[in-house]
Amino acid sequence: FLKNKYPTEEDRVINTKAFDTVRLILPVSTLSQLALFANGQSFEYMINRGLDHQLGEVRWSSQEALNELSKVIPSFLWRLESESSKTYRNYLSQRSNNVQSAMDTVGLERKVSYAKKESVELLEFDPEGEDKIIAGLIYGETHESFSDLLGKVKSMSTEQKKKILHEVLKNRKAKYYKVPRAFENIYLRFEISMNIGAWRDVHRHRIQTQMRQRFCIDNGFDVPEGLVEAGLDSRYVDAILKSEEVFREIEKHDKEMAQYCCALGHRVRFMQYQNMRAFFWEVELRTTPQGHPDYRRIEQEKAKQIQRIYPLIGEYLMVDMYDYDFARRGDTAKIRAKEEQLKEKFSKG
């Protein structure tokens, strides 16, 4: 279908669009690769979290990680065999059950409020956010208290505030030019509903707090526009509905295990709590033309909401608001150009 519609496009771009369109039919149980780079303390915590996890896959991967890491950093992991670590693992693995028990104890009903559509809601922001960022920019250049500086910034005119931001950010030419650390002075809390496939890309941003609800089928699922256009949407929907039957059967016995039966097209609801610096990094990165349209829409909506409440700061967001037929058109030429640069560089050596 895509080759007929776009006969002049190269095969690599067509194949990528085909996979990007149809990936939502994959189940959550689809195998993925994961690479980790961490210090000994982080690995110790990761393994402690996993060895007594409710899901067997997590227990297995944690034990295998322990086996491999013990070959190279045994001195960092010896505490994992202690009784205190075993007690700690029990504490970690039982927290969910304890929360559910506490809810029953206080009579808190588990009411259902499903996310029936893709959405972005800004739950929390700092009304003084722009003033606090500007005060933070000035802070390192003075010997005044932050409270005094904030008071001075509040008394400034809008034009004065604009001048400060302009001087600091006027030479920021590209997304990888990080905004100053003063942008970490304020935090945002979003609640988002999006398909699990797109969430898997977004949830990798770790300089923030993310909390998701369990994967389920009750939030509905997305149907890719490309499948509708190709007349394949009914086959896709039939397959998703069959997976939901399996979900219901397994959910009766194990709600943790049932998550594997969701498709990547099913929606998940989650929260992001991030500072403004992390927000800039995520939104700018995830709206590039190379990104998947499902998460680009979410990040574009986040940017629009922040630009409305923080117009002075929002002016400096490098967000691509356009839509693209192909996410990776032109990548091949860039790759070839980079290869030629490398060949030239190393041939001289």
Side-chain angles (χ1 to χ4, degrees), residues 1-34 55 57 112 114-120 192-204 212-270 286 289-301 322-329 331-332:
F1 171 80
L2 292 174
K3 285 182 177 180
N4 288 334
K5 185 177 180 180
Y6 305 100
T8 61
E9 288 291 344
E10 56 183 313
D11 287 346
R12 177 182 175 276
V13 175
I14 290 289
N15 288 338
T16 299
K17 185 172 179 62
F19 287 126
D20 280 351
T21 301
V22 79
R23 73 176 189 174
L24 296 189
I25 202 171
L26 293 172
V28 170
S29 59
T30 302
L31 295 179
S32 301
Q33 287 183 317
L34 172 68
L55 291 173
E57 181 182 27
V112 176
Y114 294 122
K116 288 297 185 181
K117 61 181 180 179
E118 179 182 276
S119 64
V120 176
I192 299 169
S193 170
M194 65 194 302
N195 69 64
I196 297 170
W199 170 83
R200 280 171 53 120
D201 289 304
V202 173
H203 94 285
R204 293 182 293 165
R212 73 165 173 88
Q213 297 176 345
R214 285 185 183 85
F215 298 141
C216 69
I217 64 175
D218 299 292
N219 291 324
F221 57 87
D222 290 345
V223 179
E225 293 178 5
L227 293 183
V228 176
E229 188 180 355
L232 297 170
D233 51 312
S234 61
R235 292 172 60 185
Y236 166 83
V237 171
D238 287 345
I240 298 294
L241 294 178
K242 288 178 182 177
S243 75
E244 292 187 349
E245 293 176 10
V246 181
F247 177 93
R248 289 297 186 203
E249 286 300 312
I250 295 181
E251 186 187 34
K252 297 174 185 176
H253 306 280
D254 191 331
K255 60 188 175 184
E256 298 290 341
M257 188 69 70
Q259 295 180 99
Y260 284 112
C261 302
C262 294
L264 296 188
H266 282 107
R267 298 189 196 99
V268 59
R269 185 161 53 193
F270 65 102
R286 294 300 180 187
Q290 293 81 9
H292 194 284
D294 286 354
Y295 64 68
R296 290 188 78 247
R297 286 195 305 273
I298 295 295
E299 300 295 352
Q300 288 167 343
E301 178 58 29
Y322 292 102
D323 293 325
Y324 299 93
D325 288 337
F326 290 90
R328 294 171 179 82
R329 179 184 278 147
D331 274 9
T332 301

*asked:* Under 4.0 Å between a side-chain nitrogen and a carboxylate oxygen: does that hold for E256 and R214?
replied: yes
*What distance do S243 atom OG and D238 atom CG have between them, rounded to the nearest 0.5 Å?*
11.0 Å
_To the nearest 0.5 Å, what is the distance between CG on N4 and CD1 on I14?_
9.5 Å
_Tell me whether the count of non-hydrogen atoms from other residues, nucleotides or ligands lying under 6.0 Å of CZ in R235 goes above 12._
no
*Locate the shortest heavy-atom distance separating N219 from R267; write the atom from each residue and the value.*
O-NH1, 2.8 Å
_My understanding is that only residues two or more places apart in sequence, or in another chain, count here; which of them pass side chain to side chain donor-acceptor pair (under 3.5 Å) with K5?_
E229
*asked:* Heavy-atom count check: over 12 atoms from other residues, nucleotides or ligands less than 6.0 Å from E225 CD?
replied: no
*Minimum heavy-atom separation for A239 to I25, with atom names?*
CB-CD1, 3.8 Å
*Are side-chain heavy atoms of F221 and V237 found at a separation under 4.5 Å?*
yes
*Taking C-beta and beyond as the side chain, do F247 and H266 meet within less than 4.5 Å on heavy atoms?*
no
*So which of R248, K255, H253 actually passes side chain to side chain donor-acceptor pair (under 3.5 Å) with E251?*
R248
*Looking at side-chain heavy atoms only, is the closest gap between M194 and D294 below 4.5 Å?*
no
*Reported CG-to-CZ distance for the pair L26 and F19, which is rounded to 0.5 angstrom*: 10.0 Å
*What closest approach, in Å, do Y236 and V223 show between heavy atoms, and which atom pair accounts for it?*
CE2-CA, 3.8 Å
*Kindly say whether S119 contributes a backbone atom to a donor-acceptor pair with the side chain of S193 at under 3.5 angstrom?*
no
*For R296 against Y322, the heavy-atom pair lying closest together*: NH1-O, 2.8 Å
*Measure the spacing between CG of L24 and CG of L227 and express it to the nearest 0.5 Å.*
8.0 Å
_Side-chain heavy atoms of R212 within contact of W199, under 4.5 Å_ = yes
*asked:* If I take atom CZ from residue R297 and atom NE2 from residue H292, how far apart are they, to the nearest 0.5 angstrom?
replied: 8.5 Å
_Salt-bridge criterion met for D201 and R23 (N-O under 4.0 Å)_ = yes
_Looking at every non-hydrogen atom in both residues, tell me the closest pair between C261 and I250 and how far apart they are._
SG-CD1, 3.4 Å
_Distance-minimising heavy-atom pair for T30 and P27_ = OG1-O, 2.7 Å
*Hey, could you give me the CD1/CD distance between I192 and E118, rounded to the nearest 0.5 Å?*
10.0 Å
*Evaluate side-chain contact (heavy atoms from CB on, under 4.5 Å) for V13 paired with Y6, printing each intermediate quantity in order.*
CA-CA 10 Å; V13 175; Y6 305 100; over 6 Å; no
*Would you say the side chain of E299 lies within less than 4.5 Å of the side chain of V202, judging by non-hydrogen atoms?*
yes
